Engineer: 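Dumping the structure here so I can ask a few things about it.
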Amino acid sequence: MDYREEMKQLRDTLNENARLYYTLDASTMSDYEYDRLYRRLQDLERQHPEEITPDSPTQRVGDQTLNDFAEVMHPVPLESLEDVFDGDEVRAFLQKVRETLPQAAYSVEPKVDGLSVALEYRNGVFYQGATRGNGRVGEDVTENLRTIRSIPKTLPEKLPRLIVRGEVYMARSVFEEINERLELEGKTLMANPRNAAAGSLRQKDPRICAQRRLDIAVFNLQLAEGRDFATHTESIAYLREQGFPTIPHALLSDADDILREIDRLGDTRMTFPFDIDGAVVKLNDLSDRDILGSTAKCPKWAVAYKYPPEQKATKLKNIVVQVGRTGVLTPKAELEPVRLAGTTVTYATLHNQDYITQKDIRIGDTVIVQKAGEIIPEIVEVVRQERPAGTKPYCLPTVCPVCGAPVARDADGAAIRCTGAECPAQLLRNLTHFAGRNAMDIDGLGPAVLQQLVEAGLVANAADLYDLSVQDMARLERMGEKSAQNAVNAIAKSKENDLWRLIYALGIRQVGEKAAKVIAAHFGSYDDFASASMEELVAIDDIGEVTAEYIRAWVNSPQSQDLMARLKAAGVNMVCKEERLDNRFAGMTFVLTGALERFTRDEAGEMIEKRGGKSSGSVSKKTTYVVAGENAGSKLRKAQELHIPVLTEEEFLDLLK
């Protein structure tokens, strides 16, 4: 390949991944892979400096800021570190420093894999916090940072101005706990703790950020008015006295000792509450740092040693298929035990059928295994030359291994799901959705209570809820007589719900709350809905062919028919109660944004729907009006860009009148 073409491919790949990583908190490759490609681009640019372009990732730090947050200029730039990948490169860095500073000492510390931020204090009070952004301009995330309990809000010493730099992270234990809850609720799982932390810190609602229980580790003093420090260790000790959680470090001078400390940190990385992707080696003397200075992007007084993912070869003994709480069939590789990144690995994720087919993974293969993000074991590749004779390509089953119902592949993805309405593997998730506030709204039946009912053998599907007695409920842990009676009353009350709540509660693929309302209003009864043809379903606004196919598959399933027969026998309402006031908004689509004074957005949406209109969550060319309350954000901007009429709350009220 021509070097110009290779450089362009590298720039495009790295820029796109940087955009996903820094701006959208997602990624298409591992950090180690990114760093390797980045190093290759650096080498080519050194050989061909005339080909360096302004958009090269080597010419900037991070990526652009999001438009949703105000910009913050960093008084002291938040530089990134030059990466090194082996002991020889570490020694080369030390030798280069030694040429200028023969007696230099270094701080060696773990490199936390999180989101870098700067915290500013004025007169000892937390004033502002910002993300690194491009190193010189970051995003103002002050209110979200205030929700992190480990960040001190006031300091013992009231310096006129103090700025520190730290890494916001989500502890692995918190990450796993949140993913368990998301899986139970049938929502998309977080990819890894780093992306989870970054996404949480960029939430527009600080209350959501607070629920994510983020933490911080401070690793540098950026600016201290009224204080002088001679060394990094001295400044870190001072910050610890002020109440900041700081990163542990070792003070070393000898190259062999530094390399041993890097290895030790790598061997013990799973003992830290946060993920680490490397070790940082930086000069301890602050005046020495000034002598060496920085390049346009990186300080010359520090490097980041990046740990390669540890890989081992082992045998794939079998492939087992698990059915998750959302019905997704997940294949797992059963392995001969192998020691990897501090733990013994016996299983590895295989993701989905596409992943297995792409890598041609077969039972009996010798495979190379690594831990993705140091947490989840995965198969990197197959050692083809060691494949036994007679192996066959692997295909996932065509029926659910738990309940025997047919499986179906998502039209919009690689997931293969069980279609059974009463599948035991999905029971807790289905019940949680069924009883949820936006579905049947059964007060007192949260996930913990439902789990107890399932474990006690009292509930095997949603219809069983309507057979529960006060005595049944009172048997549960921490459920008194009064609470049991209230729960039974709430279950009985849910029988009177409007039809749309029932349709939404059934959990049919792609039938959300809005679609359920449209379906209920159109057909008027569950029986008419269930007997509707594909043509009749597709004729409804918001119901495409894919959704119609999901609906037909669900209503035709014997498990679904049994469930609905039992719900009808229990007295659950099967007809639409809500009547339209008029059709003045027929064919119109409204988008609500910002804070409304007289009603919530949900209430405004109901008013629109009762008048024949549609309430949408996103602005497009098909939007008729955008109703903008206080603090309207990106939706208002997009409406203005598309020249869509924007209504104030008063103007919206006039339309309602």
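The shown structure was predicted, so the numbers you read here are calculated from the model rather than taken from an experiment.
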Engineer: Would Asp527 and Ser525 count as a side-chain hydrogen bond (donor to acceptor under 3.5 Å, both in side chains) here? Give the steps.
Structural biologist: CA-CA 5 Å; Asp527 288 343; Ser525 72; 5.5 Å; no

Engineer: Quick one: does Thr593's side chain have a donor or acceptor within less than 3.5 Å of a partner on Leu636's backbone?
Structural biologist: no

Engineer: If you measure from the Lys or Arg side-chain nitrogens to the Asp or Glu carboxylate oxygens, is any gap between Arg213 and Glu177 under 4.0 Å?
Structural biologist: yes

Engineer: For Gln561, is the CD atom crowded, meaning more than 12 foreign heavy atoms sit under 6.0 Å from it?
Structural biologist: yes

Engineer: Going by the side-chain contact (heavy atoms from CB on, under 4.5 Å) test, name the single residue among Arg475, Glu477, Met473 that passes it with Gln452.
Structural biologist: Glu477

Engineer: Could you check whether His522 and Phe529 have their ring centres less than 6.0 Å apart?
Structural biologist: no

Engineer: Could you tell me the separation between the OG1 atom of Thr623 and the CE atom of Met588, rounded to the nearest 0.5 Å?
Structural biologist: 13.0 Å

Engineer: Give the minimum heavy-atom separation between Thr419 and Ala405, together with the two atoms involved.
Structural biologist: OG1-CB, 4.2 Å

Engineer: Side chains of Ser483 and Asn486 only: does a donor on one sit below 3.5 Å from an acceptor on the other?
Structural biologist: no

Engineer: Report the C-alpha separation of Asp562 and Glu422 in whole Å, then their side-chain angles, then the decisive distance to 0.1 Å, and conclude whether the side chain to side chain contact (heavy atoms under 4.5 Å, CB included) test is met.
Structural biologist: CA-CA 9 Å; Asp562 174 68; Glu422 299 178 339; 2.9 Å; yes

Engineer: Are Leu145 and Ile151 packed together at the side-chain level, in the sense that at least one heavy-atom pair is separated by less than 4.5 angstrom?
Structural biologist: yes

Engineer: Dump the intermediate steps for side chain to side chain contact (heavy atoms under 4.5 Å, CB included) on Thr624 and Phe585, then the final yes or no.
Structural biologist: CA-CA 10 Å; Thr624 311; Phe585 294 156; over 6 Å; no

Engineer: Answer yes or no: are there more than 12 heavy-atom neighbours, outside Asp443 itself, under 6.0 Å from its atom CG?
Structural biologist: no

Engineer: Does the side-chain hydrogen bond (donor to acceptor under 3.5 Å, both in side chains) test come out yes or no for Ser494 and Asn497, once each step is laid out?
Structural biologist: CA-CA 5 Å; Ser494 74; Asn497 283 337; 4.9 Å; no

Engineer: Look up atom CD1 in Ile416 and atom CZ in Arg409, then write down how far apart they are to the nearest 0.5 Å.
Structural biologist: 6.0 Å

Engineer: Donor-acceptor pair, Asn556 side chain versus Arg552 backbone, under 3.5 Å?
Structural biologist: yes

Engineer: Taking atom CG of Leu537 and atom CD1 of Ile551, what is their separation to the nearest 0.5 Å?
Structural biologist: 5.0 Å

Engineer: Would you find a donor on one side and an acceptor on the other, under 3.5 Å apart, between the side chain of Glu651 and the backbone of Thr648?
Structural biologist: yes

Engineer: Rounded to the nearest 0.5 Å, what's the gap from CG on Leu450 to NE2 on His433? Could you check?
Structural biologist: 13.0 Å

Engineer: Work out which heavy atom in Val470 is nearest to a heavy atom in Ala484; give both atom names and the distance.
Structural biologist: O-CB, 3.6 Å

Engineer: Establish, from distance only, whether the side-chain atoms of Asn573 and Glu496 form a donor-acceptor pair under 3.5 Å.
Structural biologist: no

Engineer: Does CZ belonging to Arg149 count more than 12 external heavy atoms closer than 6.0 Å?
Structural biologist: no

Engineer: Are Val626 and Phe590 side-chain neighbours, meaning at least one heavy-atom pair lies under 4.5 Å?
Structural biologist: no

Engineer: Taking the side chain from Arg202 and the backbone from Ala198, do they hold a donor-acceptor pair closer than 3.5 Å?
Structural biologist: no

Engineer: I'd like to know whether NZ of Lys493 has more than 12 heavy-atom contacts from other residues, nucleotides or ligands below 6.0 angstrom.
Structural biologist: no

Engineer: Any side-chain to backbone donor/acceptor pair from Glu649 onto Glu597? Under 3.5 Å, distance only.
Structural biologist: yes

Engineer: Looking at SG of Cys400 and CG of Leu329, how far apart are the two atoms once the value is rounded to the nearest 0.5 Å?
Structural biologist: 6.0 Å

Engineer: Does some side-chain heavy atom of Arg212 sit less than 4.5 Å from a side-chain heavy atom of Gln203?
Structural biologist: yes

Engineer: Which pair of heavy atoms, one from Pro397 and one from Val407, lies closest together, and at what distance?
Structural biologist: O-CG2, 3.5 Å

Engineer: Does the distance from a Lys or Arg side-chain N to an Asp or Glu carboxylate O, for Glu143 and Arg146, drop under 4.0 Å?
Structural biologist: yes

Engineer: Please check: side-chain N/O of Ser200 versus main-chain N/O of Ala196, any donor-acceptor pairing under 3.5 Å?
Structural biologist: yes

Engineer: Taking atom CD of Glu513 as the centre, report whether more than 12 heavy atoms of other residues, nucleotides or ligands fall under 6.0 Å from it.
Structural biologist: yes

Engineer: Mark yes or no for whether Glu139, through its side chain, and Ala130, through its backbone, hold a donor-acceptor pair below 3.5 Å.
Structural biologist: no

Engineer: Hey, are the side chains of Tyr625 and Leu655 touching, using non-hydrogen atoms and a 4.5 Å cut-off?
Structural biologist: yes

Engineer: Kindly determine whether Leu647 and Asp654 satisfy side chain to side chain contact (heavy atoms under 4.5 Å, CB included), including the steps that lead there.
Structural biologist: CA-CA 10 Å; Leu647 303 178; Asp654 288 341; over 6 Å; no

Engineer: For residues Ile178 and Met170, determine if any side-chain heavy atom of one lies less than 4.5 Å from a side-chain heavy atom of the other.
Structural biologist: yes

Engineer: Is Val137 close to Val72 at the side-chain level, that is, under 4.5 Å between some pair of heavy atoms?
Structural biologist: no

Engineer: Which heavy atom in Ile503 sits nearest to a heavy atom in Ala516, and how many Å separate them?
Structural biologist: CG2-CB, 4.0 Å

Engineer: What do the steps show when you test Gln485 against Glu481 for side-chain hydrogen bond (donor to acceptor under 3.5 Å, both in side chains), and what is the final call?
Structural biologist: CA-CA 6 Å; Gln485 184 64 62; Glu481 191 77 22; over 6 Å; no

Engineer: Distance-only, no hydrogens or angles: does the Arg501 side chain make a donor-acceptor pair with backbone N or O of Ala439 under 3.5 Å?
Structural biologist: yes

Engineer: Any non-hydrogen side-chain atom of Val518 less than 4.5 Å from a side-chain atom of Lys514?
Structural biologist: no

Engineer: As a quick check of understanding, evaluate side chain to side chain contact (heavy atoms under 4.5 Å, CB included) for Phe175 and Tyr169, giving each step before the final call.
Structural biologist: CA-CA 10 Å; Phe175 170 77; Tyr169 67 90; over 6 Å; no

Engineer: Would you indicate whether Arg601, at its atom CZ, is surrounded by more than 12 heavy atoms from other residues, nucleotides or ligands within a distance under 6.0 Å?
Structural biologist: yes

Engineer: Report yes or no: does Asn461 contribute a side-chain atom to a donor-acceptor pair with the main-chain N or O of Asp464 at less than 3.5 Å?
Structural biologist: yes

Engineer: Determine whether Tyr526 and Leu506 make a side-chain contact, defined as any pair of heavy atoms from C-beta on separated by less than 4.5 Å.
Structural biologist: yes

Engineer: When you measure from the side chain of Gln426 to the backbone of Cys423, do you find a donor-acceptor pair of N or O atoms at a distance under 3.5 Å?
Structural biologist: no

Engineer: Considering non-hydrogen atoms only, spot the tightest contact between Leu458 and Leu468 and give its length.
Structural biologist: CB-CD2, 4.0 Å

Engineer: So, for Cys209 and Thr147, which heavy atoms are closest and what is the spacing to 0.1 Å?
Structural biologist: SG-OG1, 3.5 Å

Engineer: If you round to the nearest 0.5 Å, how far is CE of Met607 from CZ of Phe652?
Structural biologist: 7.0 Å

